[in-house]
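Okay, so here's the structure we're looking at.
Note: hydrogens, waters and symmetry copies are ignored here, and every other heavy atom, side chains too, is used. For clarity, every value in this text was computed on a predicted model and none was experimentally measured.
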Amino acid sequence: LLLLLLLKSNISSVVVSARTYADFTPQATFDIKKCDLHKLEEGPPLQAVLSREEGLQYYRTMQTMRRMELKADQLYKQKIIRGFCHLYDGQEACAVGIEAGINLSDHLITAYRAHGYTLTRGGTVREIMAELTGRRGGIAKGKGGSMHMYTKHFYGGNGIVGAQVPLGAGVALACKYLGKNELCVCLYGDGAANQGQIFETYNMASLWKLPCIFICENNKYGMGTSVERAAASTDYYKRGDFIPGLRVDGMDVLCVREATKLAAEHCRSGKGPILMELQTYRYHGHSMSDPGVSYRTRDEIQEVRSKSDPISMLKDRMLSNNMASVEELKEIDVEVRKEIEDAAQFATTDPEPPLDDLCNHIFYNDPPMEVRGTNPWTKLKSVS
């Protein structure tokens with residue numbers, strides 16, 4: 001009798017959950033903020049359609065990024081992560097929205113705030129965390145650290161301010177040359193936007209009509225300097241001059257997605273490059289050595305968190321339109337936290353690469369010349 005009752009209760013709970021899921025709205029249309037345009041007759045639509053599956057996927061990815069960065073903060077303070085470490089929390093809608101507007105066969109290159117893009121480009125949380133701690137199971141075998149992670153069609157994490165922009169234009173040139181209808185997304189920050197090499201790249205990309213989406217992630221501060229103190233013109237979307245541009249709400253994943261779709265279509269139709277400015281915000285300082293509160297107030301950070309957090313905004317939209325339940329989203333949160341904890345456990349127990357590995361993978365094949373310290377048979381000794 002007890003067994004029958006248990007079976008009956010299980011069946012009824014399955015029926016209830018199935019009925020509950022069937023009751024959810026499969027998709028909804030949302031009003032999104034109008035973009036500012038430069039040399040464009042028409043911008044992205046003012047409404048975006050979101051399916052329940054897309055919403056859940058975006059939510060999980062953004063939540064994974066957020067939790068991963070908070071765990072990185074914790075491990076850095078414990079001196080388990082060392083060296084440079086630039087966190088991406090607050091900017092999750094940029095990475096997730098961009099990826100939703102292009103294909104994985106397209107190409108992407110960014111600066112040193114790269115953990116989020118490593119994840120969206122196919123890296124696992126475990127590989128990213130292990131790279132941060134310099135372990136053998138890291139995505140770059142523990143040799144790249146926070147700033148130098150790579151996956152297929154993702155060219156890093158680049159440490160030199162602005163240097164990834166000409167590299168990205170080179171990737172776009174390859175896309176055009178090979179004729180595969182692919183494009184390159186080239187990301188940089190508001191601080192790098194004043195670099196001369198960026199304007200040189202705009203010029204070449206425009207002359208050669210390269211399929212390149214230049215994206216300035218304007219998080220309001222270049223290191224500890226506000227954009228108003230660093231740039232005579234803070235209209236970064238107009239900085240391409242002859243290149244069309246649009247300024248987008250970078251805290252809204254749907255806004256970013258629709259703008260990226262428009263930009264991608266522009267590139268694929270042979271019109272050449274396009275420029276996007278994503279107005280976003282970073283919750284942490286510039287890097288882990290910057291507390292981030294000497295040049296801005298805690299109240300300012302709190303206000304952004306309370307009014308325009310990208311994860312909260314998506315969550316509210318889904319809940320208020322019956323696209324998900326509170327319990328369902330909490331379940332995702334629990335799964336994400338477990339994934340992060342498991343990855344952190346791996347990242348703190350996986351062995352460091354052996355000393356002999358330091359001289360490997362420097363050249364693609366045989367060294368073209370004798371360079372001191374790059375011989376794979378060099379015997380290295382630890383002096384620590």
Inset, instruction - Begin with the C-alpha distance, continue with both residues' side-chain angles, and end with the deciding distance and a verdict on side chain to side chain contact (heavy atoms under 4.5 Å, CB included) for I332 and L329. - result: CA-CA 5 Å; I332 292 174; L329 297 180; 4.3 Å; yes
Inset, instruction - Before giving the answer on side chain to side chain contact (heavy atoms under 4.5 Å, CB included), spell out for L87 and C85 the whole-Å C-alpha distance, their side-chain angles and the decisive distance to 0.1 Å. - result: CA-CA 6 Å; L87 302 182; C85 187; 3.7 Å; yes
Inset, instruction - List the steps and the verdict of side chain to side chain contact (heavy atoms under 4.5 Å, CB included) for N219 and R113. - result: CA-CA 12 Å; N219 60 24; R113 204 176 299 281; 4.0 Å; yes
Inset, instruction - Verify side chain to side chain donor-acceptor pair (under 3.5 Å) between N218 and Y237, making sure each step is shown before the conclusion. - result: CA-CA 10 Å; N218 175 8; Y237 71 110; over 6 Å; no
Inset, instruction - Show the numbers, then the answer: is there a side chain to side chain contact (heavy atoms under 4.5 Å, CB included) between M313 and S308? - result: CA-CA 7 Å; M313 204 186 297; S308 52; 4.1 Å; yes
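For the pair T151/Y117, no side-chain contact is recorded, criterion being any heavy-atom separation below 4.5 Å from C-beta on. Counting heavy atoms from C-beta outward, M62 and L314 have side chains that approach closer than 4.5 Å. Side-chain atoms of I301 and V293, non-hydrogen and from C-beta on, do get closer than 4.5 Å to each other. In this structure the side chain of L246 reaches within 4.5 angstrom of the side chain of P44, judged on heavy atoms. A 4.5 Å side-chain heavy-atom check between M251 and Y281 finds at least one atom pair inside the cut-off. Side-chain contact between D290 and M223 is absent, with no heavy-atom pair separated by less than 4.5 Å. Considering only heavy atoms from C-beta on, R282 stays 4.5 Å or farther from D89 through its side chain. Contact check for I109 versus V185: no side-chain heavy atoms found under the 4.5 Å cut-off.
A donor atom on one side chain and an acceptor atom on the other are not found under 3.5 Å apart for Q279 and D249. Inspection of the H115 and S146 side chains reveals an N or O donor paired with an N or O acceptor under 3.5 Å. No side-chain donor from either of E92 and Y88 sits under 3.5 Å from a side-chain acceptor of the other. With no hydrogens or angles considered, a side-chain donor-acceptor pair links N194 and R239 at under 3.5 Å. Remark: the D190 side chain and the Y221 side chain contain no N/O donor-acceptor pair separated by less than 3.5 Å. If you check the side chains of H107 and E182, you find a donor sitting under 3.5 Å from an acceptor. Side-chain contact annotation: Y58 with R257, donor-acceptor N/O pair under 3.5 Å present. For the 3.5 Å distance criterion, the side chains of T120 and E99 qualify, holding a donor opposite an acceptor. A donor and an acceptor atom, one from each side chain of T297 and E300, are nowhere located under 3.5 Å apart.
Of all heavy-atom pairs between F346 and R126, the closest is CD2-CG, 3.1 Å. Summarising the geometry of F214 relative to P273, their closest heavy-atom pair is CE1-CB, 3.7 Å, with the distance given to 0.1 Å.
Considering CG of L167 and CD of Q197, their distance stands at 8.5 Å, rounded to 0.5 Å. Between atom CE of residue M323 and atom CD of residue E53 there is a gap of 8.5 Å, rounded to the nearest 0.5 Å. The CE atom of M68 sits 6.5 Å away from atom CD1 of I340, with the distance rounded to the nearest 0.5 Å. Distance check, rounded to the nearest 0.5 Å: OG1 of T260 to CD1 of I98 gives 5.5 Å.
Within 6.0 Å of atom NZ in K141, 12 or fewer heavy atoms from other residues, nucleotides or ligands are found, so the atom counts as exposed in its surroundings. Atom NZ of K33 is surrounded by 12 or fewer heavy atoms from other residues, nucleotides or ligands within 6.0 Å. In E42, the CD atom is not crowded: 12 or fewer heavy atoms of neighbouring residues, nucleotides or ligands sit closer than 6.0 Å. Summarising the local packing, NZ of K315 is surrounded by 12 or fewer heavy atoms from other residues, nucleotides or ligands at distances under 6.0 Å. By the 6.0 Å contact criterion, CZ on R296 is enclosed, its count of non-hydrogen atoms from other residues, nucleotides or ligands being greater than 12.
Between the side chain of N322 and the backbone N or O of D23, at least one donor-acceptor pair lies under 3.5 Å. Of the possible polar contacts, none joining the E265 side chain to the L262 backbone as a donor-acceptor pair under 3.5 Å is found. Of the possible polar contacts, none joining the S206 side chain to the Y202 backbone as a donor-acceptor pair under 3.5 Å is found. T280 contributes no side-chain N or O that, together with a main-chain N or O of E217, makes up a donor-acceptor pair within less than 3.5 Å. Put simply, the side chain of E131 gets close to the backbone of G142: a donor and an acceptor are under 3.5 Å apart. With hydrogens and angles disregarded, a donor-acceptor distance shorter than 3.5 Å links the side chain of H38 to the backbone of D241. At distances below 3.5 Å, at least one donor-acceptor pair connects side-chain atoms of R268 with backbone N or O atoms of N181. Using modelled atom types, no side-chain atom of R305 and backbone atom of E303 make a donor-acceptor pair closer than 3.5 Å. In terms of modelled atom types and a separation under 3.5 Å, the side chain of S312 and the main chain of D309 share no donor-acceptor contact.
Aromatic ring pairs are classed by plane angle as parallel below 30°, tilted from 30° to 60° and perpendicular above 60°; the pair F84 and H86 is parallel.
Salt bridge R60/E335: present, at least one basic N to carboxylate O contact under 4.0 Å. Salt-bridge annotation for R337 and D342: absent, with no side-chain N of the basic residue lying under 4.0 Å from a carboxylate O of the acidic one. Comment: R247 engages D235 in a salt bridge, judged by a side-chain N to carboxylate O separation of less than 4.0 angstrom. The pair R136-E352 does not count as a salt bridge, with every side-chain nitrogen at least 4.0 angstrom from each carboxylate oxygen. Checked for salt-bridge contact, E341 and K71 meet the test: a charged N lies under 4.0 Å from a carboxylate O.
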With a 3.5 Å cut-off and sequence neighbours excluded, list the donor-acceptor pairs that the side chains of residues 156-165 form with protein atoms.
from : atom 1 : to   : atom 2 : distance (Å)
N158 : ND2    : T110 : O      : 3.0
N158 : ND2    : Y155 : O      : 3.4
N158 : ND2    : G156 : O      : 3.2
Q164 : NE2    : L187 : O      : 2.8

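Both cation-pi conditions hold for R317 and F30: the charged atom is under 6.0 angstrom from the six-membered ring centre and inside a 45 degree cone around its axis.
Under a hydrophobic clustering in which Ile, Leu, Val, Met, Phe, Trp and Tyr are joined whenever their side-chain heavy atoms come within less than 4.5 Å, directly or via other members, Y112 and Y188 fall into different clusters.
With respect to D106, the side chain to side chain contact (heavy atoms under 4.5 Å, CB included) criterion is satisfied by exactly one of L104, L108, N103: N103.
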